[in-house]
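Reckoned from all heavy atoms, side chains included, excluding hydrogens, waters and symmetry mates.
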Amino acid sequence: MATEILMPALSPTMEEGTLAKWLKKEGDEVKAGDIIAEIETDKATMEFEAVDEGILGKILIAEGEQGVKVNTPIAVLVAEGESADDIKVEAPKAEAALAAAKAEAPAAASVPAAPKTDRSPDWPEGTKMKTMTVREALREAMEEEMNRDETVFLMGEEVGEYQGAYKISQGLLDKFGPRRVVDTPISEIGFAGIGTGAAMAGLRPIVEFMTFNFAMQAIDHIINSAAKTLYMSGGQMGCSIVFRGPNGAAARVGAQHSQDYAAWYAQIPGLKVVMPYSAADAKGLLKQAIRDPNPVIFLENEIMYGRSFEVPDLEDFTIPFGKARIAREGKDVTLVSFGIGMTHALDAAEKLAAEGIDAEVIDLRTLRPLDYGTIIESVKKTNRLVTVEEGFPVGAIGNHISAYVMENAFDYLDAPVINCTGKDVPMPYAANLEKHALITTAEVVEAVKKVTYR
C-alpha cells in the first residue's frame, strides 16, 4: 500500500522550507533511517531520514522547490510489486503553495503584537529644573501627596520624632502631626499588618522599613495579604499601600543588611515593583505609587540618598509605571539596568565610548510592570545585550530579560546575552571582600567587550 512522505517539521517553529536535494531517486529501495533528502530552513540545512520502508515510487516535489509547507506530500513509497503508475496523488505546484501562503497571511493578525513603547517626555519640554538630592525628592513627594489626599499617612520606625532613620521624613511630623506620621514599635510584622489592614479599609498608608532586609519579618503580610487580596476577593477589596525603604548593599553593614530584593518581589503577581535611580524618578514614581490602587514595593538605596539630580520644578508631576527611560542612546550594545546599577551602566558607557563602543543605556525604573517594548526595540538596533544589577545571579531580573529576549528577538542577537550581577555569596563585612562581592564598572566594560568581540 502506498505511503505518503510528508514535508517534515524540523523545528518547533518551522512552517515551510526548501527541498534542497533528493538523495534517493525514483525506484530506489528505502529503509527506515536512510537519509532521503536535504531540507533547508531559514536557520540551517538538515538531513531528512525515512521512517518507513519501501520503494521510492514517485517524487512529488522537485529539488530546489521553495516555500514547501510542513505536512505537504513530497513523495510516495510503494510496496514491493506495486506499480508507481497506479498512484493517483497529484504533485503540489509551487504556485499552489504560494497561494496557500498568501491565503494564510491574514492569520498573522492573530499573532500577539510587539509590546508598545512610550517615548513621550516625562514632563513638557522647556520645564524649569531644580537640583535636589534623592532624599529631598522622596520627602517632597510624600509631603505633596499628604497635602493632596488626607487618607495618605506615613508609618514606620523612627519616622516621626527622629525625623526618619535617613531623614527622609524630616519635618513631616511637625506639619501633619502624630496621627499621620506614626512612630511604630520595632515590629515589622506588626506595623506592616496594621498598614495592610488600613489599606483594605480605604486608607493609603506609606509603610517605611528601616531596611528591606527587615521586611522579611513582614513578608507574609506583603505577599499573602496585600498582593493577593484583590484577586482572592474577586475584585471587591483592594489594597492601596506603598512599602518603601532602602534596599541592597550600603557600606559594611554585613550579609543580613545588604540583600537586594528586587527580583524577589518582582516575581509576585499582584505587586508593583519600583526601583528608581535619579531624584526626578524617585519623586515622580513615588507620587504615582501613592496614588496607585495596588500594593507597591518601592525600593530605594541608602548610597543614592545624598546624590543630586535635576528635578522638574512643577506643581505636580508623576511618572507612569512600565515606562523605561533611555538614559543614553547608542548603536553598538544595549545596557539594561535599574536603581544603583545605573551608576555602573552609565560609567561603563562613558569608558566604552572612549574606546569607540557606543552603548545605549536603558533605565527600567519599574520591574513590575516591565517595559519589554523598549528593551526589544533597542536590541533590534544594537543586536547585543548586557544586563546590570546588584542582586544575586540566580533568578535575577537579568535572567528573566535574557529569556524574554531569546523568545522574542532571538534572530536579532549577534552574541549571547550577559548578565552582570553581584556575586553568589552572602555579603562580606570586611571592606576589601565587600568590594569583590559587588558588581563593578570594570565587569560591565569587560562584558560589553565580550559581546562586541573587542
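Between Ile439 atom CD1 and Glu390 atom CD the span is 9.5 Å, to the nearest 0.5 Å. The OG1 atom of Thr117 lies 4.0 Å from the CD atom of Glu377; values are rounded to the nearest 0.5 Å. To the nearest 0.5 Å, atom NE2 of residue His344 and atom SG of residue Cys420 are 10.5 Å apart. Here CH2 of Trp264 is found 5.5 Å from CD of Gln259. Values are rounded to the nearest 0.5 Å. One finds the CD1 atom of Ile326 at 6.0 Å from the OG1 atom of Thr374 (value rounded to the nearest 0.5 Å). Taking CG from Leu285 and CD1 from Ile290, the interatomic distance works out to 11.0 Å, rounded to the nearest 0.5 Å.
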- Item | From CA spacing to verdict: side chain to side chain contact (heavy atoms under 4.5 Å, CB included), Phe243, Tyr265 | CA-CA 11 Å; Phe243 298 100; Tyr265 288 112; over 6 Å; no
- Could you check Leu370 against Ile401 for side chain to side chain contact (heavy atoms under 4.5 Å, CB included), going step by step and ending with a plain yes or no? CA-CA 9 Å; Leu370 193 63; Ile401 292 172; 4.1 Å; yes
- Message: Go through it in stages, so that I can follow the logic: the residues are Leu138 and Phe298, the test is side chain to side chain contact (heavy atoms under 4.5 Å, CB included), and I'd like the CA-CA distance, side-chain angles, deciding distance and then a yes or no.
- Response: CA-CA 11 Å; Leu138 292 167; Phe298 198 93; 3.7 Å; yes
- Derivation and outcome, side chain to side chain contact (heavy atoms under 4.5 Å, CB included), residues Leu413 and Val379: CA-CA 7 Å; Leu413 288 172; Val379 168; 3.7 Å; yes
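A salt bridge does not link Lys283 with Glu136: every distance from a Lys NZ or Arg NE/NH1/NH2 to an Asp or Glu carboxylate oxygen is 4.0 Å or more. With salt bridges taken as basic N to acidic carboxylate O contacts below 4.0 Å, one links Glu143 and Lys175. A salt bridge does not link Glu150 to Arg180: none of the charged side-chain nitrogens sits closer than 4.0 Å to a carboxylate oxygen. No salt bridge links Glu434 with Arg252; every basic N to acidic carboxylate O contact stays at or beyond 4.0 Å. Ion pair Glu302/Arg135 not flagged as a salt bridge, since none of the NZ, NE, NH1 or NH2 atoms sits closer than 4.0 Å to an Asp/Glu carboxylate oxygen. Between Asp332 and Arg384 no salt bridge is recorded (no basic side-chain N to carboxylate O distance below 4.0 Å). By the 4.0 Å N-to-carboxylate-O rule, Arg148 lies close enough to Glu145 to be salt-bridged with it. Remark: Glu360 does not engage Lys331 in a salt bridge, criterion side-chain N to carboxylate O under 4.0 Å.
Checking Thr343, Asn301, Thr133 one by one against Arg307, the side-chain hydrogen bond (donor to acceptor under 3.5 Å, both in side chains) holds for a single residue, Thr343. Across Thr387, Val405, Asn408, a single residue satisfies side chain to side chain contact (heavy atoms under 4.5 Å, CB included) together with Ile375, and that is Val405.
Judged by distance alone, the side chain of Lys228 and the main-chain N or O of Gly270 form no donor-acceptor pair under 3.5 Å. Of the possible donor and acceptor atoms, none in the side chain of Arg244 sits under 3.5 Å from a partner among the backbone N and O of Leu299. Proximity of a side-chain donor or acceptor of Arg328 to a complementary backbone N or O of Ala359 within less than 3.5 Å is detected. Judged purely by atom type and a 3.5 angstrom limit, Glu140 has no side-chain atom pairing as donor or acceptor with the backbone of Ala137. In this structure a side-chain-to-backbone donor-acceptor pair under 3.5 Å is present from Thr196 to Ala192. Side-chain atoms of Glu15 do not come within 3.5 Å of backbone N or O of Val70 as any donor-acceptor pair. Asn399 places a side-chain N or O within 3.5 Å of a backbone atom of Gly395 that can act as its donor or acceptor partner. Side-chain atoms of Ser402 come within 3.5 Å of backbone atoms of Gly398 as a donor-acceptor pair (strictly under, hydrogens ignored). At distances below 3.5 Å, not a single donor-acceptor pair connects side-chain atoms of Ser258 with backbone N or O atoms of Ala255. For Thr211 (side chain) and Asn213 (main-chain N/O), a donor-acceptor pair under 3.5 Å exists by modelled atom type.
Considering only heavy atoms from C-beta on, Leu230 stays 4.5 Å or farther from Met237 through its side chain. Side-chain contact check for Leu335 versus Val444: some heavy-atom pair is nearer than 4.5 Å. Proximity of Val68 to Glu16: side-chain heavy atoms (C-beta onward) are nowhere separated by under 4.5 Å. In this structure the side chain of Arg325 never reaches within 4.5 angstrom of the side chain of Ile362, judged on heavy atoms. In this structure, Gln288 and Phe321 have side chains that are in contact, with non-hydrogen atoms separated by less than 4.5 Å. Contact annotation: the side chain of Ile206 never approaches that of Phe153 to less than 4.5 Å [non-hydrogen atoms, C-beta and beyond]. No side-chain heavy atom of Val273 sits under 4.5 Å from any side-chain heavy atom of Thr366.
Here the two rings, on Phe214 and Phe209, have centers that are 6.0 Å apart or farther. Tyr277 and Phe309 have their aromatic ring centers within a separation under 6.0 angstrom. Ring-centre distance between His400 and Tyr372: below the 6.0 Å cut-off.
Within a 6.0 Å radius of CD in Gln256, other residues, nucleotides and ligands contribute 12 heavy atoms or fewer. With a 6.0 Å radius and a threshold of 12 heavy atoms from other residues, nucleotides or ligands, Leu433 has its CG atom above the threshold. Applying the 6.0 Å contact sphere to NZ of Lys21 captures no more than 12 heavy atoms from other residues, nucleotides or ligands. Around CE of Met232, the count of heavy atoms belonging to other residues, nucleotides or ligands within 6.0 Å does not exceed 12. By the 6.0 Å contact criterion, NZ on Lys167 is enclosed, its count of non-hydrogen atoms from other residues, nucleotides or ligands being greater than 12. Residue Tyr453 qualifies as enclosed at atom OH: its count of foreign heavy atoms under 6.0 Å is above 12.
Between Ala263 and Ile397, the closest heavy-atom pair is CA-CD1, 3.9 Å. In terms of heavy atoms, Glu157 sits closest to Phe191 at OE2-CE2, 3.5 Å. Across every non-hydrogen atom of Asp260 and Gly391, the tightest pair is OD2-N, 3.3 Å. Thr18 and Gly67 get closest at one heavy-atom pair: OG1-N, 4.4 Å. Nearest heavy-atom pair, Asp292 versus Ser240, reported as atom, atom and distance to 0.1 Å: O-OG, 2.7 Å. Gly160 and Leu173 get closest at one heavy-atom pair: C-CD2, 3.5 Å.
Using modelled atom types and a 3.5 Å distance limit, the side chains of Ser337 and Asp363 yield no donor-acceptor pair. At a cut-off of 3.5 Å, with distance as the only test, no side-chain donor of Ser169 or Glu208 sits close to an acceptor on the other residue. Between the side chains of Thr382 and Thr334, a donor-acceptor pair is found at a separation under 3.5 Å.
Taking the ring axis of Tyr412 as reference, the NZ or CZ atom of Lys381 does not stay both within 45° of it and closer than 6.0 Å to the ring centre.
Checked against salt bridge (charged side-chain N to carboxylate O under 4.0 Å, His left out), Asp122 has the following partners two or more places apart in sequence or in another chain: Lys323, Arg365.
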